[in-house]
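Below is one structure, written out as structure tokens; comments come after it.
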Amino acid sequence: MSMNYQERIPNNVDLGSNRTLQRALEHWQPHFLSWWQNLGPRDFQVADVYLRTATSVDAKGWATYGFVRMPEYRWGIFLADRDPNRKIGFGDSFGRDVWQQVPGEYRAILRRLIVTQGDTEPASVEQQRMLGHTAPSLYDLRNLFQVNVEEGRHLWAMVYLLHAYFGRDGREEAEELLERHSGDADKPRILGTFNEPIRDWLSFFMFTYFTDRDGKFQLKSLAESSFDPLARTCQFMLTEEAHHMFVGDTGINRVVRRTLEVMKELGTEDPETVRQGGAIDLQTVQRYLNFWFSSSLDLFGSEMSSNAASYFANGLKGRPDESNYEDHIALEQTYTLELPVGNGKSEQIPMRNAMNEVTRGSYVRDCDLGVKRWNRLIEKAGYPFRLSLPSTRFRRNIGNWAGIPTDTAGHPIGAQEFAARQTEWLPTESDQAFILSLMHGVYQPGWMAAWIAPPDRGINNNPVEYEYVRFQ
Ligand SMILES: [Fe+2]
Ligand SMILES: [Fe+2]
């Protein structure tokens with residue numbers, strides 16, 4: 001189905017053929033737009049931004065680029081093409097036909113999964129809404145807004161499923177997705193990480209690298225779902241999501257590159273001298289990394305989870321890249337879980353109960369690829385410092401290691417030692433004050449804040465100096 005941009009709500013689901021659904025979504029649309037005006041990017045709603053808009057769901061050549069005012073962005077409903085032969089890929093019903101409708105017995109659980117995913121999308125827009133004021137360049141400002149409008153579209157993706165397949169409950173949930181707000185004392189967003197405001201661009205790059213990557217893995221799990229419309233929705237979201245992680249990956253890369261330049265110029269490895277040179281010392285980068293990585297790990301849930309087991313058994317949520325596994329039933333296998341008690345003691349648990357941990361493991365390996373790339377820059381510059389992911393046991397709030405103080409290598413330590421060494425491992429107030437002191441908007445085309453190197457290339461073959469955002 002090709003994308004229809006003629007209708008009020010762009011779509012490739014032949015929305016016009018279902019008048020009731022179309023009307024319901026057209027009724028939700030102004031609520032979405034007023035949410036965007038009130039809680040979307042602050043103060044840039046009349047700027048012309050060089051944005052990409054989806055024009056097909058093929059992985060190649062799926063987007064067009066042009067100047068758009070954000071409130072006029074064509075948010076729409078786009079699902080990957082349907083494969084009429086698609087079969088259930090895992091769990092007890094492996095090999096049977098996928099579902100085009102929601103089976104009654106899974107209605108409540110599927111709705112919950114969709115709402116939880118949907119809630120993160122507008123949450124991140126809310127978290128990032130002040131960042132436009134301090135963008136290090138027009139290139140970065142444009143990338144921020146691209147991420148924001150696409151998170152808005154991801155909300156549309158989930159709201160479509162709620163409206164189309166969950167009746168009145170779904171419509172109510174769609175309203176509530178606009179009523180909860182990040183950090184709101186009465187109606188916060190569902191997941192903890194999505195209630196932390198993102199005040200600076202180092203955090204933004206860490207968020208897009210680590211937290212959007214959690215999104216990638218959640219979407220990959222849902223893209224395996226037997227509920228075919230959900231799987232197809234998530235497949236296309238992943239295409240957009242890739243850019244968000246690119247922003248994080250290259251953002252951190254550019255921070256590191258700039259720091260190395262300043263270290264060379266000043267002939268120093270001393271963090272304080274690097275800061276005086278206007279760059280972010282690598283130790284601070286590591287502390288921000290520790291914070292965002294550990295907080296994103298919690299989003300995968302407990303190591304041992306009966307919910308995860310039943311999602312898998314019932315074919316609701318699979319493992320990312322399920323086709324890479326040999327055994328799609330996973331009933332006979334076990335998983336070895338290391339326990340926080342008894343010094344190196346471990347436990348065998350049924351594989352299905354360990355699905356959160358399996359997914360978290362794939363996520364950690366994916367996170368490490370970027371760390372290796374950043375380290376190659378440091379190594380090439382001739383410095384011994386290396387960035388690293390802390391242990392998955394470090395600073396956890398969910399699962400077996402929740403509340404158990406460890407060092408960054410994952411060795412249990414006393415609470416007092418943790419408190420004493422925290423400033424070594426996590427951003428301190430003075431780190432945060434320093435990072436904030438660097439944050440000033442740089443809006444001259446081609447100019448770059450002093451704490452970050454320019455990107456290797458611009459967007460869509462345009463030069464880095466291109467005027468990606470035009471103010472009125
Ligand atoms: Fe998203
Ligand atoms: Fe994202």
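Every number for a ligand or one of its atoms is a count from 1 in the order of the listing.
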Trace of the side-chain contact (heavy atoms from CB on, under 4.5 Å) decision for E303 with W401: CA-CA 9 Å; E303 291 87 344; W401 294 86; 3.6 Å; yes
In chain order, what residues pass the ring-ring contact (aromatic ring centres under 6.0 Å, His included) check against W451, with sequence neighbours excluded? none
Go through the steps for Q29 and L25 under the test side-chain contact (heavy atoms from CB on, under 4.5 Å), then give the verdict. CA-CA 6 Å; Q29 189 175 37; L25 285 164; over 6 Å; no
Number of protein N/O/S atoms less than 2.8 Å from the Fe ion (ligand 2)?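 Step by step: take the Fe ion (ligand 2), keep protein N, O, S below 2.8 Å, and you get 4.
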Between side-chain atoms of residues 222-232 and protein atoms elsewhere (two or more places apart, or another chain), which donor-acceptor pairs fall under 3.5 Å?
unit_1, atom_1, unit_2, atom_2, d
E224, OE2, E322, N, 3.3
S225, OG, F227, N, 3.1
S225, OG, L316, O, 2.8
S226, OG, G315, O, 2.6
D228, OD1, R86, NH1, 2.6
D228, OD2, Q100, NE2, 3.2
R232, NE, A80, O, 2.8
R232, NH2, A80, O, 3.4

With sequence neighbours left out, write down each residue that passes side-chain contact (heavy atoms from CB on, under 4.5 Å) with R287, or none if nothing qualifies. R275, D281, Q283, T284, P427, D431
List the steps, then state whether side chain to side chain donor-acceptor pair (under 3.5 Å) holds for T134 with W201. CA-CA 8 Å; T134 55; W201 279 74; 3.2 Å; yes
